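Computed from heavy atoms alone, side chains included, the values below leave out hydrogens, waters and symmetry copies. Just so it is clear, the structure is predicted and the values come from calculations on it, not from any experiment.
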Protein chains: 2
Amino acid sequence: MTFTEQHERRIPQRTIPRLSHYYRALLESREVQLISSETIAELTGYTAAQVRRDLAYFGQFGTPGRGYSVEDLKKVLLQILGIDHQWNVALIGMGNLGLALLRYRGFHEQGFNIIAGFDNDPRKVGQMIEGVKVHQMDELAEYAKRDQIRMAVVTVPASAAQAVVDQLVGVGVKAILNFAPVRLQVPGGVKIHNIDLAIELERLSFLAIHK
Amino acid sequence: MTFTEQHERRIPQRTIPRLSHYYRALLESREVQLISSETIAELTGYTAAQVRRDLAYFGQFGTPGRGYSVEDLKKVLLQILGIDHQWNVALIGMGNLGLALLRYRGFHEQGFNIIAGFDNDPRKVGQMIEGVKVHQMDELAEYAKRDQIRMAVVTVPASAAQAVVDQLVGVGVKAILNFAPVRLQVPGGVKIHNIDLAIELERLSFLAIHK
DNA sequence: CGTCATTTGTGATGACTTTCACGGAACAAC
DNA sequence: GTTGTTCCGTGAAAGTCATCACAAATGACG
């Protein structure tokens, strides 16, 4: 069973993280060969209808009366999420957050290989951390070309983020995960996803005092 | 001008982070006294109608024909977001991510004071990092009571997260920011917000290969 | 005071997302 | 075969959220 690109409908934004959760549920279900939408729902906390609808956006992967093949569905989800192959990732900004992400094992386990770090601080350049060497920013173009880097994680201060992103776009990076608390401009075709830790805490604060 | 609690309507989930963005835009507008929804929209990348609607969920803060008072609106947003006072926060799990968050200045700037760290690794217990002491987990109850800790950030491995959360709930913590990639059970009244870095990367991967 | 330009707050509309509910496909059992 | 059970895929309904568009409010100006 294979997933073949077929964009008939628009995919709801929130479907995508749910697919990741479904995939994790499948990883925990090695002993069974078939799994129902109801079981996936129980394991993930969503509803069975939601599971079926989300999967149906991408094709017909189940068998009525039986369920979904765990092995096949895992492959399909890997393909849909784009993690059926390795991503070479550059990490820009080797401050505390950058170091933490470099050491975070979760990335490598999902096929995201951080293959080079970049920083402008001379004290950090040249260091070897977790098997990853830290380079000066002006070496970015060289490595991006050589190692086909198409994804980057940005953990520089807000004031430097736009310039860094411009450089990344310039060397062909197509997807950027940005931790700097600032809205960044990118040309069409380049995807950017922002994680703002202060805003996440504020959201929690709001939840805690309301409702 | 003051915001008085009045929950007539349900607040859309996505309104809350937008409020944080509006607040940031106001911080950058010190020279002006009045600001229009149109200007806030330009600064944040949303639409003017969205800005007005979001604010209107909580009351009437503007003046027709004039706009919003920057000073007043800042106060209102601080109140709505619950960051008009300090939060005492416990940080559980002093691994790489925990250390990065401890050193991250953005938290303290928004009134989130990490006042104690906790870990079960004997090599970490007793250390002093960024002015914060690392304690054993079994000392949690004592500190939670003494310092009125009502919020916690959890950066322990997935396998330990539920036990940690149970302890936090037991000592009266009401809001938890969880970085462990696992779905956690909490009783009603306790708010939990999850950030899963691997899933965020998968979302980016999806965006990069589709559309 | 009347007119004009401006901008809020909100009813109405439209777009998007989730849930419901059921036809039909698949297989087991006899 | 036929019956019974299971469970997917999806049209339709319900629910949620964003945008439109305008009445009403405000102050400037003469």
Side-chain angles (χ1 to χ4, degrees), chain A residues 1 3-4 6-19 21-22 25-26 29 32-73 76-77 80 203 206 211, chain B residues 1 3-4 6-19 21-22 25-26 29 32-70 72-73 76-77 80 203 206 210-211:
Chain A
M1 170 147 342
F3 155 67
T4 52
Q6 47 168 18
H7 255 247
E8 294 156 12
R9 306 191 193 182
R10 231 185 113 274
I11 311 299
Q13 294 274 338
R14 302 203 49 201
T15 288
I16 301 147
R18 283 196 297 265
L19 295 178
H21 286 126
Y22 304 156
L26 295 182
S29 309
V32 293
Q33 294 192 339
L34 286 167
I35 192 167
S36 68
S37 59
E38 183 59 43
T39 304
I40 296 175
E42 281 167 17
L43 291 170
T44 55
Y46 302 113
T47 66
Q50 182 82 79
V51 172
R52 292 199 299 277
R53 177 71 75 193
D54 282 339
L55 295 175
Y57 285 126
F58 298 93
Q60 305 194 172
F61 308 117
T63 309
R66 311 252 70 206
Y68 299 89
S69 154
V70 171
E71 279 314 306
D72 287 353
L73 194 52
V76 165
L77 287 173
I80 293 172
R203 191 201 302 246
F206 175 92
K211 296 195 225 182
Chain B
M1 169 145 344
F3 156 66
T4 51
Q6 47 168 15
H7 256 247
E8 295 155 13
R9 305 191 194 183
R10 231 184 113 273
I11 313 298
Q13 295 275 336
R14 302 204 48 199
T15 287
I16 301 147
R18 283 196 297 265
L19 295 177
H21 287 125
Y22 304 156
L26 295 182
S29 310
V32 293
Q33 293 191 341
L34 286 168
I35 192 166
S36 68
S37 59
E38 184 58 43
T39 305
I40 297 175
E42 281 167 17
L43 291 170
T44 54
Y46 302 113
T47 66
Q50 181 81 78
V51 171
R52 292 199 298 278
R53 176 70 77 192
D54 282 340
L55 295 175
Y57 284 128
F58 298 93
Q60 305 195 171
F61 308 117
T63 309
R66 311 254 70 207
Y68 299 89
S69 154
V70 172
D72 286 353
L73 194 53
V76 165
L77 287 173
I80 292 172
R203 191 201 302 245
F206 175 93
H210 295 79
K211 297 195 223 182

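Protein atom CG of A:L55 is 13 Å distant from nucleotide atom P of C:dT18, rounded to whole Å. To the nearest angstrom, P of C:dT8 lies 13 Å from CG of B:D54. Note: OH (A:Y57) to C1' (D:dG11) measures 13 Å, nearest angstrom. Counting to the nearest Å, the C1' atom of D:dT26 and the CZ atom of B:F61 are 19 Å from each other. Rounded to an integer number of Å, the gap from B:R66 CZ to C:dT8 C1' is 12 Å. In this structure, B:E38 places its CD atom 15 Å from P of C:dG9, rounding to the nearest Å.
On a pure distance criterion of 3.5 Å, no polar donor-acceptor pair joins the side chain of A:R53 and the base of C:dT17. Side chain B:R10 to base D:dG15: no donor-acceptor pair is found below 3.5 Å.
Closest to the side chain of A:Q60, from the set C:dT8, D:dA18, D:dT10, is D:dT10. Side-chain atoms of B:P64 lie closest to D:dA25 of the nucleotides C:dT18, D:dA25, C:dA26. Listed nucleotides D:dT19, C:dT18, C:dG9 differ in distance to B:Y68; the shortest reach to its side chain belongs to C:dG9. Considering only side-chain atoms of A:A56, the nucleotide from C:dA25, D:dG9, C:dG9 that sits closest is D:dG9.
Taking the six-membered ring where tryptophan is involved, the planes of A:Y46 and A:Y22 are perpendicular, since the angle between them exceeds 60° and thus also 30°.
Here B:S37 reaches the OP1 or OP2 of C:dT8: one of its side-chain N or O atoms lies under 4.0 Å away. Between A:T47 and C:dT19, a side-chain N or O to OP1/OP2 separation shorter than 4.0 Å is present. For A:R18, a side-chain nitrogen or oxygen approaches OP1 or OP2 of C:dT18 to under 4.0 Å. Not one side-chain nitrogen or oxygen of A:Q13 sits closer than 4.0 Å to the OP1 or OP2 atom of C:dT17.
Rounding to the nearest 0.5 Å places OG1 of A:T15 at 6.5 Å from CZ of A:F58.
Base engagement by B:R52 is indicated by at least one non-hydrogen atom pair under 4.0 Å involving a base atom.
The backbone N or O of A:Q50 sits less than 3.5 Å from a side-chain atom of A:T47, completing a donor-acceptor pair. Remark: the backbone N or O of B:R66 is not paired with any side-chain donor or acceptor of B:T63 at under 3.5 angstrom. Listed for the A:S36 side chain is a donor-acceptor partner under 3.5 Å among the backbone atoms of A:T39.
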